[in-house]
Amino acid sequence: MRGELTFNAKVNRNVMTFQEFIEVIKEEALGKYQSAEDISIAGRFMGQRGPFAQLQDAVGRVQLYIGKDELGETPENKERHKKLVKLLDIGDYIAVKGKLFATGTGEISIHVHELKFLSKSLRPLPIVKRDKDGNIYDSFTDPELRYRQRYVDLTVNPEVKEIFIKRSRIVTVMRRFFDAQGWLEVETPVLQPIHGGAAARPFATHHNTLDMKLYMRIANELYLKRLIVGGFDGVYEIGKMFRNEGMDRTHNPEFTSMEIYVAYKDYNWMMSMVEQLLETIAKEVNGTTKVQIGENSIDFAGPYERISMYDSIKKYTGIDVSQMDEVALRKVCKEMHIKVDDYMGKGKLIDEIFGEKVEDHLIQPTYITDYPIEMTPLAKKHRSEEGLVERFELFVNGKEIANAYSELNDPIDQRQRFEDQLKLAERGDDEAMALDEDFLRALEYGMPPTSGLGIGIDRLTMMLTNNPSIQEVLFFPQMKPEVA
RNA sequence: GAUUCCGUAGCUCAGCUGGUAGAGCAAUACACUUUUAAUGUAUGGGCCCUGGGUUCGAAUCCCAGCGGGAUCACCA
């Protein structure tokens, strides 16, 4: 008996998946009461009511009919099966054989005549029940348990599994979209000697053999641009970034970003590309461009509104900050009761006003364009507006999900911008960007005009699945250690 | 990091102004072989997060710690 209960290696599971089973119902079994041939199926035993049991696999559930005296053929085999059925626990993996039939209420089920244990569950799974109206009766909801034991969460909460399937599809659709354009998916270093490309505190580590300090990347931008210098027309990378910052419902120390750089393009082109990309993703993942996020119904169908940062501030505050110097901006912040620090330069002050007064209004997808030069050291100067750069951020539901530039490809200007960052750092801005000599050298060899874009995959998934918490879209969100 | 709420059975939760632990589901046994969250009867199940304190007596009140959620700050 014991042998039957433990972790069988021989499985005939490839005979039929649940999905195939459902197709068989449609094509063959419907209208019949009993299939001619046995089918073989395997899955997780998820409960029993009388002779009716639920078997679950990755796709869904099917009903089994386990008749008391109908298992096995020989008397010994019948006896054995009776014992096996008694030993069934929720969570056990079993394989069954039987014929399809329609029950009295019309549900297509498997009339089991043979049952085999594949694996035993030694711990009781939480039992979640739901009725036809979707009411859930015995839920498994404790966030701490759900995140620490995601395997249980995924087993008993099908809507959780659905989120992660969507997340995977978002990435797949994105990849397919880029690949169709001939852009190249690449991988760049996670361990970097200089943490460039963004403004954030890094995780630091040490390489023993080289005896050198290394940082987990906070961004991969400077490496991807090196590849554009190297002659690729379009490169993109989907991968983890690491930032040693605070954690909350929208921040996890490691998160996934997609960065893409396309040569001979500018940020106007990029805006159109992003519209097509997001529209495609929304349709492929949700079947529609519209998505409900909390209270708001959002439509990802392009084109999106485009408004410059200065105009957006004017629109929502009535104040024109475009000609103001640092002193005037500080005065404005004070009048609006916006907290500012001494180290903040002009760009940062404008960003504070924007964050405080504008962001929350940007519900439908909206491009904010043309940022002050001080806060964007890697973007190209605006072709006609003094003091601005060609940059946009895409806001949806009041939150930023994409950031893009016409990339700065003038090495002399780039060196100057890095030096301005160093000055900010000296004033106490610990987010100011470090200078990367090799990156400058690459630019000195010549980089074509290029547009670059970054999209937060976690954030995008949160929006497309209507989840306000990043933990709900990460399989294993960062947690403090569990104490035994 | 700050504020605030929370931590009781495998899960979801009651447990009042302090008097020594409860329900539903799950589990076990027996009966039932049926349906669509939940059949019946019976039974077992607890470091009430941890450590101090107050008290004759603490799941309950106080303090500290640990873990989680929410809000804020920082960031994406």
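Note on naming: letters A, B, ... go to the chains in the order of the sequence lines (proteins, then strands), and numbering restarts at 1 for each one.
Remark: rU60(B) base-pairs with no nucleotide; criterion is Watson-Crick or G-U wobble with both hydrogen-bond distances under 3.5 Å. In this entry rA70(B) has rU3(B) as its Watson-Crick or G-U wobble partner, both defining distances falling under 3.5 Å. With a cut-off of 3.5 Å on both pairing distances, rG44(B) has no Watson-Crick or G-U wobble partner at all. Under the Watson-Crick or G-U wobble criterion, with both distances below 3.5 Å, rC25(B) is paired with rG10(B). Under the Watson-Crick or G-U wobble criterion, with both distances below 3.5 Å, rU33(B) is left unpaired in every strand shown. Applying the Watson-Crick and G-U wobble criteria (two distances, each under 3.5 Å), rA76(B) pairs with nothing in any strand.
Residue F255(A) has its side chain nearest to rA76(B) when only rC11(B), rA76(B), rU33(B) are considered. Here rU34(B) is the nucleotide among rA38(B), rU12(B), rU34(B) with the atom lying nearest to any side-chain atom of F52(A). The side chain of E144(A) approaches rG67(B) more closely than any other nucleotide in the set rU35(B), rG67(B), rA76(B). With distances taken from any side-chain atom of Y65(A) to the nucleotides rA76(B), rU33(B), rA26(B), the minimum falls on rU33(B). Listed nucleotides: rU36(B), rU12(B), rC74(B). Nearest to the side chain of R49(A): rU36(B). Closest to the side chain of I90(A), from the set rA27(B), rG68(B), rC30(B), is rA27(B). Here the nucleotide nearest the side chain of E400(A), chosen from rA76(B), rU12(B), rA26(B), is rA76(B). Proximity note for K129(A) (side chain, C-beta onward) versus rA70(B), rA38(B), rC11(B): the nearest is rA38(B).
Comparing the C1' positions of rG19(B) and rA37(B) gives an interatomic distance of 39 Å, to the nearest angstrom. Annotation: rU54(B) and rG45(B) have their C1' atoms spaced 33 Å apart (nearest Å). Taking atom C1' in both rC74(B) and rG18(B), one finds a spacing of 44 Å when rounded to whole Å. Here, rA73(B) and rG15(B) have their P atoms 34 Å apart, quoted to the whole Å. Straight-line distance between the C1' atoms of rC16(B) and rA58(B): roughly 15 Å, to the nearest whole Å. With C1' as the reference atom, rG46(B) and rC13(B) are 15 Å apart, rounded to whole Å. The C1' atoms of rG57(B) and rU39(B) are separated by 44 Å, rounded to the nearest whole Å. With C1' as the reference atom, rC56(B) and rG68(B) are 36 Å apart, rounded to whole Å.
Between K480(A) and rG69(B), a side-chain N or O to OP1/OP2 separation shorter than 4.0 Å is absent. The shortest distance between the side-chain N/O atoms of R148(A) and the OP1/OP2 oxygens of rG68(B) is below 4.0 Å.
Contacts of D142(A) with the nucleic acid, taken as non-hydrogen atoms under 4.0 Å apart, involve only primed sugar atoms and P, OP1 or OP2. M479(A) comes within contact range of the sugar-phosphate backbone alone, with a heavy-atom separation under 4.0 Å but no base atom that close. Contacts of N252(A) with the nucleic acid, taken as non-hydrogen atoms under 4.0 Å apart, include base atoms. G67(A) comes within 4.0 angstrom of nothing in the nucleic acid, heavy atoms only. At a threshold of 4.0 angstrom between heavy atoms, the contacts of T141(A) are confined to the sugar-phosphate backbone, with no base atom among them. R459(A) comes within contact range of at least one nucleobase, with a heavy-atom separation under 4.0 Å. As judged by a 4.0 angstrom heavy-atom cut-off over every strand, Q471(A) is placed among residues touching the sugar-phosphate backbone only. Residue contacts for R249(A): at a heavy-atom cut-off of 4.0 Å it reaches the sugar-phosphate backbone alone, with no base atom in range.
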Evaluate side chain to side chain contact (heavy atoms under 4.5 Å, CB included) for L154(A) paired with F475(A), printing each intermediate quantity in order. CA-CA 9 Å; L154(A) 289 164; F475(A) 273 129; 4.0 Å; yes
After noting the C-alpha distance and the side-chain angles of W183(A) and I260(A), does the key distance pass the side chain to side chain contact (heavy atoms under 4.5 Å, CB included) rule? CA-CA 9 Å; W183(A) 300 326; I260(A) 182 164; 3.5 Å; yes
Pair M309(A), L388(A) - check side chain to side chain contact (heavy atoms under 4.5 Å, CB included), show working. CA-CA 10 Å; M309(A) 173 159 262; L388(A) 301 180; over 6 Å; no
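Between the C1' atom of rA76(B) and the CG atom of L474(A) lies a distance of 13 Å, rounded to the nearest Å. With rounding to whole Å, L145(A) atom CG is found 14 Å from rC49(B) atom P. In this structure, E352(A) places its CD atom 6 Å from P of rC74(B), rounding to the nearest Å. Between the CE atom of M46(A) and the P atom of rA38(B) there is a distance of 15 Å, rounded to whole Å. Going from atom CD of Q54(A) over to atom C1' of rU36(B) covers 8 Å, rounded to whole Å. In this structure, L88(A) places its CG atom 10 Å from P of rU28(B), rounding to the nearest Å. In this structure, the CG atom of N467(A) is 16 Å from the C1' atom of rA70(B), given to the nearest Å. Whole-Å rounding puts the Q149(A) CD to rG67(B) P distance at 17 Å.
Looking only at atom types and distance, the side chain of R61(A) has a donor-acceptor partner in the side chain of Q56(A) under 3.5 Å away. Side-chain contact of Q63(A) with Y65(A): a donor-acceptor pair under 3.5 Å is absent, judged by distance alone.
If you find the closest nucleotide of RNA chain B to G50(A) and to D89(A), the one lying nearer the 5' end belongs to D89(A). For the pair P124(A) and P143(A), nearest-nucleotide mapping onto RNA chain B gives the more 5' position to P124(A).
Checked against the 6.0 Å centroid criterion, the rings of F395(A) and F354(A) qualify as a close aromatic pair.
Under the 30°/60° scheme for interplanar angles, the aromatic rings of H361(A) and Y316(A) are found to lie parallel.
Relative to the ring axis of Y371(A), R391(A) places its NZ or CZ within 45° and under 6.0 Å from the centre. Cation-pi contact between R49(A) and F52(A): absent, since separation from the ring centre below 6.0 Å together with deviation from the ring axis within 45° is not met.
A donor and an acceptor atom never sit less than 3.5 Å apart when one is taken from the side chain of D248(A) and the other from the base of rC72(B). Applying the 3.5 Å distance criterion, the base of rA76(B) shares no donor-acceptor pair with the side chain of D458(A).
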